[in-house]
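Encoded as structure tokens, the structure appears first; notes follow it.
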Amino acid sequence: MAEHTGEPHVSNRFYVVIALILAVLTAIEVMVFYVEALAAVLLPILLVLMAVKFALVVMFFMHLRFDSRLLTGILVWGLFIAVSITLALMAVFGKFAG
Amino acid sequence: MHGPTSTGIPTRKLGMWTFIGSECMLFATLISTFLIYRGRNVVGPYPEELLNIPFITVTTFVLLMSSLMMVLALAAVQRGQRRASLLWLFMTALFGLIFLTGQYIEFSHFVHEGLGLSRNLFSSTFFVLTGTHGAHVAGGVIWLGTLWILALRGRLSPERAETVEIAGLYWHFVDVVWIVLFTIIYLLR
Amino acid sequence: MSQTSSGHEGGTYAGGVWSWLTTVDHKRIAILYFVAGFIFLLIAGMEGQMIRLQLARPENRLLDPEFYNQLFTMHGTTMVFFAGMPLIIAFFNFVVPLQIGARDVAFPRLNAFSFWVFLFGGLFLYASFFFGGAPDGGWFAYMPLTGSQYSPRTGMDFYVLSLLLAGIGTIAGGVNFLVTILNLRAPGMSFMRMPLFTWMAFVVSALILLAFPPFTIGLVFMLFDRMFDTLFFNAAAGADPLLWQHLFWVFGHPEVYILILPAFGVVSDVIPTFSKKPLFGYPVVVFSGILIAFMGFGVWVHHMFSTGLGPIVNAVFGGATMLIAIPTGIKIFNWIATMWGGAIRFKAPMLFAIGLVGTFVIGGLSGVMHSSPPSDLQQTDTYFVVAHFHYVLIGGTVFGLFSGFYYWFPKVTGRMLSERLGAAHFWLTFLALNVTFFPMHFSGLLGMPRRTFTYAEGLGLETFNLVSTIGAFIFTLAFVPLVLNLWRAWRRGEPAGPNPWDAATLEWTMSSPPPHYNFAVIPEVESRDSLWHPHVDPGHEPGAGDPEPGGVIPRLQPDPAPEPVHMPNPSFWPLILALGLLVVTMGGLLGLRVVIPGVLLTFVGLFGWAFEPTEG
Amino acid sequence: MNRRSLTLLGLGLAFLVTQACGGEYPQSALHPTSDFAERLDGLFWLIFWWAVGVFVVVEGILIYTIIRFRARPDSERPKPVHGHTILELGWTIAPALILVAIAIPTIQTIFVVDNPPAEEADVTIEVIGRQWWWEFRYPDLGIVTANEAHVPVGQTVDVRLRSADVLHSFWVPRLGGKRDLVPGRENFIWFRPDSIGVFWGQCAEYCGTSHALMSLRFIVDSESDFDAWVANNQAPAVTQSDRLASQGRNVFLNNACISCHTIRGTNAQGQLGPDLTHVGSRLTIAAGVLDNNAENLARWISDPQDVKPGNLMPNMGLTEQQVEQLVAYLQTLR
Ligand code: HEA
Ligand code: HEA
Ligand code: CUA
Ligand SMILES: [Cu+2]
């Protein structure tokens, strides 16, 4: 059951590329925020971009991509409960009532 | 004390990950509160009057880049490149400090505009939420500082890279939290 | 890394107070937890009995309301956080490493740290009695009553600060045991071979990690509202005081399962042992436990049915709550099925285990009555609820813990307890429980609200309350045989030997008490019930050392250890760090001039810890 | 040991049940006298009997098992059994079905009791919870009173719940279940009383020192009695002829009393305490704690803190004589 852990076989360049993508995504986020035309779809866009950035960091900077699946499991469970409770609470407080 | 572990994952690393799993709940609670109370203020100043997107975008960028510094630092330590390790560890901590300074400027601006901690629901939730995150960053900076000193003393040999990796996990998580906060607090209205 | 080599002296300990202050050994930390937790149990129990004295007759003027309100608040808070939890963690500490074939927990020093902050939290809470009075907001401290406007005394500050302090240790413990069980299992100890108690320890650790943060944040909000006038629960500022209730119960309901699942774990180990039959439907029992824990996060609103959240919310959470009856039922039936066709030996641990199965059901069923929102509209905040949760907490948690106490005592001390005294203890406790709390179902339905320091004559509640009060004092009687039993064991308890109960799991393979290093050689596990598994030890000729006819051959640990075993050094940094945090906590009341030295001490502890040359 | 204590328990139980059945229970949830309370009651008994069923089955099997399979000297090692699919399905599905049987009526009831009354309410009462007494307002009738509400039998009463300070919970068991009074929110409960009488209620959410002493009365009148009560309570306070009483009136109006109490028709317009315009006509004082008679009034006025620790009415340090006069006055306020 022991899996490979420790340093991933990726170069510094790879990390720089990821960082660049992150920077670009952040730039896009801020841009769409200012574009009036997108106001309607702002929410979905921003949430998607946020999720992508999140995923990039945990997968590559935090090595989940190369590390034991167990670690991914731990994070996913934590996130799952956390997000569910957040949504449930907001629902109870009528945040989705429109 | 115990040789190969049942999962193959180093014990301290696994510990950090479980801790991170728990931290998710911590920030989720803060974020829930922030979202539930959004728009329920009875007195101003209101967020849209004060939030300075361009400014925060910069600090956000800085924090993102500190994550890059962090991975480079880890890689350097793993490869046993002492000078590189020193440099990147220092940069990570430095960027962290810059972020904190930015936060300090933002906070004092708000207070100056009459938005004290107990002014309205926005200020209460905002300060406690971002403050908790800031505290995490500060803790990370101190941690990185000690690692830097270790490196300086030449005590960060590749065998002890795990220590840096764990600090890195923590640092990246704090960064990830900010990615979420940035969107939720500043961009979503 | 420098380490002690406690090999050939058979793992004996250095004695003395200092050795206890600096110990990082899970077995000794277990004992510390147990003693502290038990003392808190007695204190809280006496508070419960004072409550009963006051309620013995209507319009009684024995205690004034201020004091009564402090009593039930301290009683509840202590029982849940400073008796229930530490007693459970005591068992985690002692049993889990032994059951998975480990020599200690993953982070021994963190383990010691957890204990010290818990202890300091408890002591800090009780200090309130001497500094301006104890907290009096009830154990769930509903805002706004507990805000600075309506509770100007420092009592609630003690509540908030002590629970924050203890909470740090609890979360650290959660990390520690989760990692221990994931990472330190002996070769062959796959998940599906783990004893049920370890399984539940695993699940509960996960529950702790996910349930405590919301509470921590809630407490921080309350602290800030009280000290810095933030507005988190201030209706005038547009906030909703109900948020506190949500945050508390998002934690609170999982918390009650944190309190019950370990008890279920104990019972799932005890019943097979004393029926001489492996657990019926092992995988199902495991998964129902996981399911209970998981569902526990989706039912919190059932504590708020009367707050008027509307039909949809109530329907959803009521339904979700009912569902939990199914996995719990599965456990109950599997336990019975385990006994079915067995050869049941009514030793003290088994008595308490059977007692749990019998009485927990009562509490569970009253729980289901609560889970229907409309019928709960009559029951909530009455003694009917008080009856419910004492049946599950005493008939469940306390019975489970006592079962485990009688079960593992021989392993911990190497001495046997008297069965007759054990039986007396069980029957008296069983009697006390029912005499005290059964009448509360009636007094509740007949109109007695909880948290009332007195009740009017003419409500027809006199008899029920009197009976309850009598019952509360039978509990004291029940403790007599226990105390006698301990005294007797200490004076002339028969030596226990490695496996007095002919049990199947790894903790019974080494001498009792276990050597410092637990396992002289890390075992290879081939099956679930290692010691019952046929021909574990080919080299052993039948007869010699077999526990009893029909018993199988025990595979024992060699003693002394063939070669030296390395164990972590004792360390006083956990204590220093905990002290630092205690001072910071005190600073919460005494101001910056105390906080700052506290922070400094904390850092001293942290760095001393970080640069101390040991693992973990 | 075993058998004896079991029989003992049996006897005790029987005793308790007999206790619960006979007798007067003015605050009992088991003696409903309104449509609302009857719904809750019906649902409760439905679940109760299911629970009894489960209880009997489980305990039955349990006791049978431990007796039947107790270890005997001759009993040899039992053979391991690891599972039994049919059985396990059985004890998963059976409870599920029982729960469905409970859930359906539950949800039906929820949508009745958590929604506003089906038909137009005949009487609307605003209840404002305060530490530690109840203020009742009849917006349509222009009546303000405290701790005792009158309602007509057989008509739908709509109760609107608000809090002036902390959480409280409105509970008159025989008329309906609990609903909390939450600062910043308005809750409601409703019921149609179906018999005349005095029904006791009590605050059911811990609200501080004297939470235990925050009770109330709901008095269900016949139509005519109710109308009479309304007429009487709409009128301002009667003016005194009696000497002692008018002296009391002066004491009242020249003391701090007026800063907290309202007596319509006088210049006493305080808001902190209960409206005393018709205090004399109430059955109890101080939120159901004392019967309303001269002796208790005197006791209350001379030392309210002793009657109800921590309540917001201070000890006024009045002379015997002033108290006597005040009592005379208050009693005339019918
Ligand atoms: C050990 C702790 C523990 C446990 C295990 C439980 C278990 C359950 N609890 Fe309880 N509960 C508390 C501790 C616990 N509770 C405490 C401390 C409070 C009060 C807090 C406070 O206000 O101070 C409380 C309060 C409480 C309330 C709120 C009451 C109120 O304040 O209005 C509710 C409401 O739904 C509830 C429900 C349940 C249910 C449905 C279960 C279920 O898990 C029970 C499931 C078990 C069974 C049902 C029996 C076995 C099953 C079978 C034999 C199968 C067949 C059964 C059926 C088909 C029904 N509990
Ligand atoms: C594990 C949890 C637990 C346990 C075991 C108990 C045990 C008891 N509880 Fe309590 N109880 C709670 C958890 C628990 N309780 C909670 C959470 C509340 C809610 C609080 C709130 O509303 O905020 C509560 C509330 C509560 C109330 C309601 C108070 C009110 O609403 O006004 C009452 C009233 O009777 C009560 C009574 C008792 C009694 C008589 C016992 C008995 O079982 C106590 C048994 C006695 C002992 C265990 C020790 C006795 C031994 C001795 C005294 C011997 C002396 C020894 C020496 C001197 C060496 N408890
Ligand atoms: Cu008002 Cu309790
Ligand atoms: Cu619950």
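Within every chain, numbering begins at 1; the chains are lettered A, B, ... in the order of the sequence lines, protein sequences first and strands thereafter.
- With chain C as partner, the option from D:His211, D:Arg185, D:Met214, D:Arg179 having the largest number of non-hydrogen pairs under 4.5 angstrom is D:Arg185.
- Using a 4.0 Å cut-off between charged side-chain N and carboxylate O, D:Arg160 and D:Asp158 make a salt bridge.
- The parts of D:Asp165 that come within reach of chain C are both its backbone and its side chain, each placing non-hydrogen atoms under 4.5 angstrom from that chain.
- Contact count against chain C (heavy-atom pairs under 4.5 Å) is highest for D:Arg70 among D:Gln131, D:Arg174, D:Arg70.
- Contact of D:Phe48 with chain C is made through backbone and side chain together, with heavy-atom distances under 4.5 Å.
- Contact tally against chain C (heavy-atom pairs below 4.5 Å) for D:Leu46, D:Ile110, D:Leu40: the top residue is D:Ile110.
- The parts of C:Pro374 that come within reach of chain D are both its backbone and its side chain, each placing non-hydrogen atoms under 4.5 angstrom from that chain.
- Taking the six-membered ring wherever Trp is involved, the centroid distance between the rings of C:Trp244 and C:Tyr142 does not fall below 6.0 Å.
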Show the numbers, then the answer: is there a ring-ring contact (aromatic ring centres under 6.0 Å, His included) between C:Phe333 and C:Trp340?
CA-CA 10 Å; C:Phe333 293 122; C:Trp340 186 277; over 10 Å; no
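- At a 4.5 Å heavy-atom cutoff, the contact between C:Phe453 and chain D is made by backbone and side-chain atoms alike.
- Between D:Phe191 and D:Phe218, the ring centre distance stays below 6.0 Å.
- Interface remark: of the candidates C:Leu365, C:Leu145, C:Thr452, C:Leu145 forms the most heavy-atom pairs closer than 4.5 Å to chain D.
- If you check the side chains of D:Asp180 and D:Ser169, you find a donor sitting under 3.5 Å from an acceptor.
- Among the candidates D:Val58, D:Ile107, D:Val112, the residue making the largest number of heavy-atom pairs closer than 4.5 Å to chain C is D:Val58.
- Among the candidates D:Trp171, D:Trp200, D:Phe55, the residue making the largest number of heavy-atom pairs closer than 4.5 Å to chain C is D:Trp171.
- For D:Val81, the parts lying under 4.5 angstrom from a heavy atom of chain C are both the backbone and the side chain.
- Interatomic distance, CG of D:Leu175 versus CZ of D:Phe36, reported as 10.5 Å (0.5 Å rounding).
- Heavy-atom distances place no part of C:Leu461 under 4.5 Å from chain D, backbone and side chain included.
- C:Tyr383 and C:Phe464 have their aromatic ring centers separated by at least 6.0 angstrom.
- With a 4.5 Å cut-off on non-hydrogen atoms, C:Glu462 does not touch chain D at all.
- Ranked by heavy-atom pairs shorter than 4.5 Å toward chain D, the options C:Gly329, C:Gly281, C:Ala315, C:Gly342 are led by C:Gly342.
- Each of D:Thr284, D:Val307, D:Asn311 was checked for a side-chain contact (heavy atoms from CB on, under 4.5 Å) with D:Val289, and the lone residue meeting it is D:Val307.
- Within the 6.0 Å centre-distance limit, the rings of C:Phe384 and C:His370 are counted as a close aromatic pair.
- Using a 4.5 Å cut-off between heavy atoms, D:Arg68 does not touch chain C at all.
- Contact count versus chain C (heavy atoms, under 4.5 Å) is highest, among D:Ala37, D:Ser210, D:Pro183, D:Gly201, for D:Pro183.
- Chain D forms the most heavy-atom pairs under 4.5 Å with one residue out of C:Ser306, C:Ala337, C:Pro449, and that residue is C:Ser306.
- Contact annotation for C:Asn334: both backbone and side-chain heavy atoms come within less than 4.5 Å of a heavy atom of chain D.
- Heavy atoms of D:Trp50 lying under 4.5 Å from chain C are absent altogether.
- For the 3.5 Å distance criterion, the side chains of C:Thr321 and C:Ser371 fail to qualify, holding no donor opposite an acceptor.
- The nearest pair of heavy atoms linking C:Val467 to C:Pro439 is CG1-CG, 3.7 Å.
- When C:Thr429, C:Leu433, C:Leu431 are each tested for a side-chain contact (heavy atoms from CB on, under 4.5 Å) with C:Ile474, only one passes: C:Leu431.
- C:Tyr455 does not touch chain D: none of its heavy atoms, backbone or side chain, sits under 4.5 Å away.
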